[in-house]
2 protein chains.
Amino acid sequence: RAHVIVFGNEKGGSGKSTTAMHVFVALARKGRRVGAIDLDVRQRSLYRYLENRRNWSSRKGVNLLTPLLAEIRPSLDPDRAKAWREEAAVFDEALERLAEQCDVIIIDCPGAHSNLSRLGHSAADTLITPMNDSFVDFDLLARIDPYSYQISGPSVYAEMVWESRKLRAQAGLGPIDWVVVRNRMPLDDANNKRRVGAMLEQLSSRIGFRIAPGLSERTIFRELFLSGLTLLDLREPNAGPAVDMSHVAARQEVRELLAHLNIPGSGY
Amino acid sequence: RAHVIVFGNEKGGSGKSTTAMHVFVALARKGRRVGAIDLDVRQRSLYRYLENRRNWSSRKGVNLLTPLLAEIRPSLDPDRAKAWREEAAVFDEALERLAEQCDVIIIDCPGAHSNLSRLGHSAADTLITPMNDSFVDFDLLARIDPYSYQISGPSVYAEMVWESRKLRAQAGLGPIDWVVVRNRMPLDDANNKRRVGAMLEQLSSRIGFRIAPGLSERTIFRELFLSGLTLLDLREPNAGPAVDMSHVAARQEVRELLAHLNIPGSGY
Ligand SMILES: Nc1ncnc2c1ncn2[C@@H]1O[C@H](COP(=O)(O)OP(=O)(O)OP(=O)(O)O)[C@@H](O)[C@H]1O
Ligand SMILES: Nc1ncnc2c1ncn2[C@@H]1O[C@H](COP(=O)(O)OP(=O)(O)OP(=O)(O)O)[C@@H](O)[C@H]1O
Ligand SMILES: [Mg+2]
Ligand SMILES: [Mg+2]
């Protein structure tokens, strides 16, 4: 059966869609059959990125790897309970349809608390939570006492993941491999970077996630959106001018991340 | 009557709460009486930042400027139409209560499409929309044809602002001064930075916003969250080691932004 990777973080702009896109390309290039569901029904950043990719492919006459897509429409029913049941049915059907033809299914979640996001989280074999190098982002995982630098308790997003794990256990499904990925990290080793890292180490054993090697703040991770490409689609750069060194380093960061995700049969 | 400044962008992590906090401190330091409403009812990043600030104040025995707060509870009514009317009433009451005692009211919105966010936008005299230096963020304002680099049409967030302007006009209220602020800009002048800037110039006249000087990617803008401080609260650094130069530059960026916001009586 297909391995489901969910990209989740209620904190906006933490890098869910960006890491989802890069993980997709990394897996596809190893020959995995990948499916994708975008649960961010308003922004649809992942679908938009993939739409740009398809347009680039056809216009340039190149054959870029693209995932099998399943469209999800949110329910417009004014009755909240009815809307939720409707969405659960649509989601389950989409997931089953993709599972028949894919080894891996990627699910991108919105930076908000929605019924569809909850459904996505409960379907996760692997949950990837990217986060900015910031205590503002940290605050959605757990509260920190600023004087003792001690964790004072879990926050809304950690509780949401806890709920999803409970639902999975009740449904007899396997555990969620929860992987936190630091994103948009500054290239220099600032105090703030070290402090956030230390607090994440503390928190990981407490709320049950592991930390995978993260991605630095690099323009290459965001400047190819309009073409639908990622740096992995570009020809391997030679050791050359400074910009190529950043690309080499960026590729290495993506490889390191994939190697730590432990996706069965991923080739990393 | 109070001048209402709304921080809005449906795109998550664009910097709404961060710029809201810095604009608050900048105005408060000029003696303005500032009120604040956090419409991000799940994350409550602005309220959390201010809570940290109050705790720091009392614990350190210092007198940090804090805004007058109005708490907003979302409606739990399962009937969506009823819930929206309930929230509109709560919001109007909170706004009126603050307007009696404040010159300026700051409203922070969630990185999502919510009823409360729409209410906030319709109350805006000034709408500040921070955005990352990225076509991923741009995509929520407008679609771009990747080949011609032409704007092909407005996206969900631009349409939402359009709706809010219509509602205000129908209610006989004044226009919204819509100000886009580039945030987390790279310090070097990359191709991507120039392209995003050029497309924003194109878009501004088309959908009716102006562009204010933005903020660079600087750790000082995010590393003081736990203490509830901003760099404006720190003593003016002397010309000294490298880190102080970044603080001097950061202060200048905030001042430039405030000078361009044209908040009546703001002192900038
Ligand atoms: N490692 C990185 N380096 C540079 N820019 C990045 C990086 N990761 C993400 N970005 C940029 O940061 C912004 C936020 O990223 P992204 O949209 O992927 O986050 P998200 O969590 O999906 O946001 P949302 O909550 O809105 O869905 C985008 O403008 C993106 O291009
Ligand atoms: N100019 C900046 N320099 C460095 N870091 C920044 C800057 N602006 C914002 N950040 C960091 O970027 C992240 C997103 O910022 P912020 O939370 O203010 O955005 P937001 O638009 O309020 O997000 P949301 O949509 O989740 O409400 C936070 O971790 C914040 O600390
Ligand atoms: Mg996204
Ligand atoms: Mg916010």
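Every chain is numbered from 1, with letters handed out A, B, ... down the list of sequences.
Closest heavy-atom contact between B/Gln43 and A/Glu10: OE1-O, 2.9 Å.
Of the listed residues B/Ala112, B/Ala190, B/Pro78, the one with more heavy-atom pairs under 4.5 angstrom with chain A than any other is B/Pro78. Contacts with chain B were tallied for A/Arg59, A/Lys11, A/Lys16; A/Arg59 has the most, counting heavy-atom pairs under 4.5 Å. Between chain B and the residues A/Lys193, A/Arg44, A/Glu217, A/His113, the largest count of heavy-atom pairs under 4.5 Å involves A/His113. Ranked by heavy-atom pairs shorter than 4.5 Å toward chain A, the options B/Asp139, B/Asp188, B/Asp145 are led by B/Asp139. If you tally non-hydrogen atom pairs under 4.5 Å between each of A/Asp77, A/Val156, A/Thr18, A/Asp133 and chain B, the highest count goes to A/Val156. For chain A, the option among B/Asp79, B/Asn55, B/Val136, B/Asp137 with the highest count of heavy-atom pairs below 4.5 Å is B/Val136.
At distances below 3.5 Å, at least one donor-acceptor pair connects side-chain atoms of B/Tyr147 with backbone N or O atoms of A/Trp56. Under a 3.5 Å cut-off, the side chain of B/Arg222 and the backbone N or O of A/Asn192 do not form any donor-acceptor pair. Within the 3.5 Å criterion, the main-chain N or O of B/Leu76 finds no donor-acceptor partner in the side chain of A/Arg80.
Only the side chain of A/Tyr149 comes within contact range of chain B, judged by heavy atoms closer than 4.5 Å. Using a 4.5 Å cut-off between heavy atoms, A/Arg48 contacts chain B through its side chain alone, with no backbone atom that close. Both the backbone and the side chain of A/Ser134 come within less than 4.5 Å of a heavy atom of chain B. The contact between A/Lys60 and chain B is made entirely by side chain atoms (from C-beta outward), counting heavy-atom distances below 4.5 Å. Of the atoms belonging to A/Asn132, it is side-chain heavy atoms, and not backbone ones, that fall under 4.5 Å from chain B.
Exactly one of A/Asn52, A/Leu224, A/Leu226 qualifies for a side chain to side chain contact (heavy atoms under 4.5 Å, CB included) with B/Phe135. That residue is A/Leu226.
Put simply, the side chain of B/Glu51 reaches to within 4.5 Å of the side chain of A/Arg143, judged on heavy atoms.
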